[in-house]
Amino acid sequence: MRPAEHGADPGGGRTLALTDPPRHKQLRELVDGWFTVRSVRALEEEMRDIARSVVDRALERGGCDFVADIAARIPLYVICKMMGVPQSDWEYLYDLTSQAFAAGDPVTRRFAHLEILGYFETLQEEKAARPGDDLVSVLATASVDGERLSPEDVILNCDNLLVGGTENTRIAASGGMLALLEHPGQWHALSQDPGLLPNGVEEILRWTSTATHIMRTATRSVEIGGRRIAAGDRVVFWLPSANRDEEVFEDPDRFDVGRQPNRHLALGFGEHFCLGAMLARVELRLLYGELLDRSVRVELDGTPTLLSSIVVNGPERLPVQLKAG
């Protein structure tokens, strides 16, 4: 793959996250079927097994980093399964993503990310030759406007799916756990009424608002809140602020797992609404469900470290002790 020129993102105009219609819609239609309610529900038992296995391993250790040992593993293993990554390679990709998408030395991050791209270069070649029932095979054999996707476009979209399928769910899961530790009454409420869990997941998504901002270009002139925005202006939306809008949310700075209604924007909106929204919701529900079903006691075991980023928002490290009930 050729490096991007002049610092431009190599995925610009080529990946789901960085394309405008009609290309965005064409790419999205290739994989949309894998993220519908029906498709995610068909995977739910396998996802439950993954969540149970991850929690089992953490319980055996007793003390762990909730981010690295629990929150990062569940979404990574799930998206690897959906993409047709052999289970024998899951830990390899876990190690690479831990280096590439976490805070740390930028050189290490860059080389880890390049290794991920190299992995998908090999995998897409294998899937193009011998397609299976998985997302990489879909991309490796797909055509748009009568033309096959180039190998580079397949690799970039694989990377896009891996990042999208792991990073925000990892941060939401760990940020939600931190919020529940800081508000023990809310964890107690969930333990007393597991039927609150779907509402609790929505509140965790609102509260954590893991993707901090998005930028759009105004297509026409408009006035909002007394400010004039001209056609062509770049506009930045800050999602944590939107999700604490006092005109939309009653007592917005209160963490409330029973909050209803909860019209948050944590998963985006419009054409770029999160492709994996349903998947993320189910992963969060299964993770917290495993902890609640087994009456696991989670206690802080040190000082949490927050990510130093204006792109994503949440814990980088969350040391805890886990004790089975």
Side-chain angles (χ1 to χ4, degrees), residues 1-5 8-36 38-40 42-43 46-47 50 73 75-101 109-169 271-272 274-276 278-280 283:
M1 296 182 63
R2 295 187 304 273
E5 295 179 5
D9 193 306
R14 306 172 76 175
T15 67
L16 269 169
L18 299 174
T19 51
D20 290 324
R23 183 74 171 181
H24 174 80
K25 183 179 179 182
Q26 292 168 326
L27 289 172
R28 188 165 182 135
E29 286 176 346
L30 295 175
V31 297
D32 240 347
W34 284 78
F35 297 94
T36 61
R38 176 180 295 181
S39 296
V40 172
L43 281 170
E46 292 173 280
M47 294 163 63
I50 288 171
R73 290 183 183 275
L76 176 73
Y77 294 168
V78 170
I79 197 66
C80 279
K81 182 171 187 59
M82 294 174 70
M83 296 179 77
V85 174
Q87 190 167 351
S88 57
D89 290 344
W90 291 5
E91 286 303 306
Y92 170 65
L93 280 180
Y94 168 79
D95 290 339
L96 287 179
T97 55
S98 297
Q99 297 173 55
F101 306 136
R109 291 203 311 267
R110 177 174 176 79
F111 276 101
H113 204 164
L114 287 172
E115 197 164 340
I116 290 170
L117 296 175
Y119 179 86
F120 282 120
E121 183 173 15
T122 300
L123 187 62
Q124 66 88 22
E125 290 172 354
E126 295 172 357
K127 298 295 185 179
R130 294 178 297 279
D133 185 20
D134 57 73
L135 280 166
V136 178
S137 293
V138 169
L139 293 170
T141 59
S143 296
V144 174
D145 287 337
E147 291 187 11
R148 286 280 292 269
L149 289 182
S150 71
E152 286 191 2
D153 282 4
V154 174
I155 295 164
L156 289 169
N157 278 286
C158 286
D159 184 60
N160 191 180
L161 286 170
L162 182 72
V163 176
T166 57
E167 185 165 18
N168 284 332
T169 306
E271 289 170 331
H272 281 271
C274 178
L275 175 69
M278 178 65 180
L279 184 66
E283 289 170 341

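Treat the numbers as computed from the prediction; the structure is a model and nothing was measured. These numbers come from the heavy atoms of this one structure, side chains and all, not from hydrogens, waters or symmetry mates.
- Of all heavy-atom pairs between Phe35 and Val31, the closest is CD1-O, 3.3 Å.
- When the side chain to side chain contact (heavy atoms under 4.5 Å, CB included) test is applied to Glu125, the partners found at least two apart in sequence or on another chain are Glu121.
- Remark: side-chain polar atoms of Arg23 are not paired, donor with acceptor, to backbone N or O of Thr15 under 3.5 angstrom.
- Side-chain contact check for Leu139 versus Leu161: some heavy-atom pair is nearer than 4.5 Å.
- Closest non-hydrogen pair, Val138 versus Trp34, comes out as CG2-NE1, 3.7 Å.
- Every residue was checked against the salt bridge (Lys or Arg N to Asp or Glu O under 4.0 Å) condition with Asp20, not counting sequence neighbours, and none meets it.
- Side-chain contact between Phe111 and Gln99: absent, with no pair of heavy atoms (C-beta onward) separated by less than 4.5 Å.
- Residues meeting the side chain to side chain contact (heavy atoms under 4.5 Å, CB included) test with Thr36, sequence neighbours left out: Arg38, Ser39.
- You'll find the side chain of Thr122 reaches within 4.5 Å of the side chain of Glu126, heavy atoms only.
- In this pair, Trp90 and Tyr77 present their aromatic rings parallel. The plane angle is below 30°, not in the 30 to 60° band.
- Listed by chain and number, the residues in a ring pair (Phe, Tyr, Trp, His ring centres under 6.0 Å) with Phe120 amount to none (sequence neighbours excluded).
- Closest heavy-atom contact between Ala140 and Gln124: CB-O, 3.7 Å.
- Looking at every heavy atom in both residues, Arg14 comes nearest to Thr19 through N-CG2, 3.3 Å.
- Remark: Leu18 CG to His24 NE2 distance equals 10.5 Å, nearest 0.5 Å.
- Put simply, SG on Cys80 and CG on Leu162 are 6.5 Å apart, with the number rounded to the nearest 0.5 Å.
- A side-chain donor-acceptor contact under 3.5 Å links Ser137 to the backbone of Gly132.
- Side-chain contact between Val85 and Tyr92 is absent, with no heavy atoms from C-beta onward closer than 4.5 Å.
- The distance from the CD atom of Glu283 to the OG1 atom of Thr166 is 9.5 Å, given to the nearest 0.5 Å.
- Side chains of Val144 and Asp153 form no contact here, defined as non-hydrogen atoms less than 4.5 Å apart.
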One pair to check against side chain to side chain contact (heavy atoms under 4.5 Å, CB included): Leu30 and Leu149. What are the steps and the verdict? CA-CA 11 Å; Leu30 295 175; Leu149 289 182; 4.1 Å; yes
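- Note that the CE atom of Met83 and the CG atom of Asp134 stand 8.5 Å from one another [nearest 0.5 Å].
- Atom CG of Asp89 and atom CG of Leu123 lie 8.0 Å apart (nearest 0.5 Å).
- Atom SG of Cys158 and atom CD1 of Ile116 lie 12.0 Å apart (nearest 0.5 Å).
- Considering every non-hydrogen atom in both His113 and Phe101, the closest pair reads CE1-CE2, 3.7 Å.
- Looking at residues two or more places apart in sequence or on another chain, you find a salt bridge (Lys or Arg N to Asp or Glu O under 4.0 Å) between Glu91 and Arg73.
- Residues that satisfy the salt bridge (Lys or Arg N to Asp or Glu O under 4.0 Å) test with Asp159, not counting sequence neighbours, are absent from this structure.
- At a threshold of 4.5 Å between non-hydrogen side-chain atoms, the residues Met47 and Leu279 count as touching.
- Asn160 places no side-chain N or O within 3.5 Å of a backbone atom of Leu156 that could act as its donor or acceptor partner.
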